[in-house]
Amino acid sequence: MKVRNWLSLCAVAASLACAGNANAGVVIDLFTDPITPGGQVVSDGTVGGGGAFSELDGLTNVIGGSRDLFVETTAQQFGFGSTVLSAGGGFLSYSQATGVTGVGVVQWDGDDNSAALDTTGLGGADLTDCNGTACQRISASVLRADFGFGYEVLVADMDGRISTLTASTQFPVNTPTHADYYFDWFNLSDGTYFLGGLLFSIERTGNLVGDVDFTNIGALQFTINVPFIDTNGDPAPIQADIDLTLSAVTTVPEPGALSLVGAALLGVAAARRRRKTT
Ligand SMILES: [Ca+2]
Ligand SMILES: [Ca+2]
Ligand SMILES: [Ca+2]
């Protein structure tokens with residue numbers, strides 16, 4: 001209970017952090033293509049036999065103009081039910097039916113027409129260009145998320161450097177909030193960290209020499225429902241019955257002064273709470 005209360009404060013901090021961001025950054029995906037909610041959808045209702053894949057090309061508010069969706073159902077407690085991932089109308093939605101466990105993957109890797117990741121498919125996108133201000137993080141607008149399931153954010157640059165951040169939804173999100181992933185985090189040594197209110201781990205693969213070049217990105221991938229480290233530091237498996245809705249993924253500059261004040265105030269509140277409960 002302690003941990004959950006404290007993490008709900010982090011959720012408030014995250015939403016305040018987004019309040020100061022007037023500068024538009026680089027659009028990764030606004031999920032406004034296609035116009036219809038759920039206009040691009042993949043669904044897998046069988047365990048085994050592979051998953052379901054869809055790629056749409058020629059999209060406007062999507063980095064590289066292409067979006068890949070993939071889902072696979074990995075277990076069904078009651079012998080039926082599907083894993084569904086859809087995009088369109090301004091939303092990305094992922095859901096597993098009751099008792100169903102699965103995995104969902106969104107790839108921004110250009111027109112490769114494959115569920116495999118083409119790590120050079122974007123051809124060198126610059127994620128740092130925020131109209132003259134340097135963008136420093138990826139920001140996802142989260143409309144809704146369940147407790148405790150793991151996800152991965154993978155970035156690959158054109159020189160073969162790959163970094164994967166693994167985190168989990170540690171609190172239910174019932175009102176729109178933002179999740180931020182600083183570019184710097186992807187260049188930390190392999191390990192587990194607690195920064196910016198987020199518990200996450202980093203794993204570097206591919207070319208290990210030098211930092212991931214966010215001015216020269218080859219592919220981005222978001223994987224929903226992976227094993228993760230929970231708030232007690234214990235390994236947790238993939239989860240059943242989960243739901244997630246995002247409304248936009250962009251890059252943004254540093255938080256404004258207002259949001260820093262908000263974060264500092266919340267830091268004090270969190271410290272007070274910690275003292276009270278010890
Ligand atoms: Ca299947
Ligand atoms: Ca693709
Ligand atoms: Ca692909």
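Start at 1 and go down the list; that is how both ligands and their atoms are numbered. Here, residue 1 is the first one in the sequence, and each next residue gets the next number. These numbers come from a predicted model, not from an experiment.
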TODO: Determine the interplanar angle of the F149 and Y151 rings, folded into 0 to 90°, and report it as parallel if under 30°, tilted if 30 to 60°, perpendicular if over 60°.
DONE: perpendicular

TODO: Check T223 against V226 and note the closest heavy-atom contact, atom names and distance.
DONE: CG2-CG1, 3.6 Å

- [ ] Could you please compute the angle at the Ca ion (ligand 1) from OD1 of D44 to O of T46, rounded to 10°?
- [x] 90°

Task: Sidechain N-carboxylate O distance under 4.0 Å for R161, D213 - done: no

TODO: Indicate if the distance from the Ca ion (ligand 1) to the nearest N, O or S atom of G51 falls below 3.0 Å.
DONE: no

Task: Close aromatic pair by centroid cut-off 6.0 Å: F214 and F183 - done: yes

Task: Backbone or side-chain N/O/S of A52 under 3.0 Å of the Ca ion (ligand 1) - done: no

TODO: Please work out which of the three classes, parallel, tilted or perpendicular, describes the rings of Y181 and W185, given edges at 30° and 60°.
DONE: perpendicular

Open item on the list: Any carboxylate oxygen within less than 4.0 angstrom of a Lys/Arg side-chain nitrogen, looking at R204 and D190?
Closed with: no

- [ ] Please answer whether the main-chain N or O of D146 pairs with a side-chain N or O of T169 as donor and acceptor at a distance below 3.5 Å.
- [x] yes

TODO: Just the protein N/O/S atoms under 3.0 Å from the Ca ion (ligand 2), please, no waters.
DONE: E55 OE1, D68 OD1, D68 OD2, D109 OD1, G110 O, D112 OD1

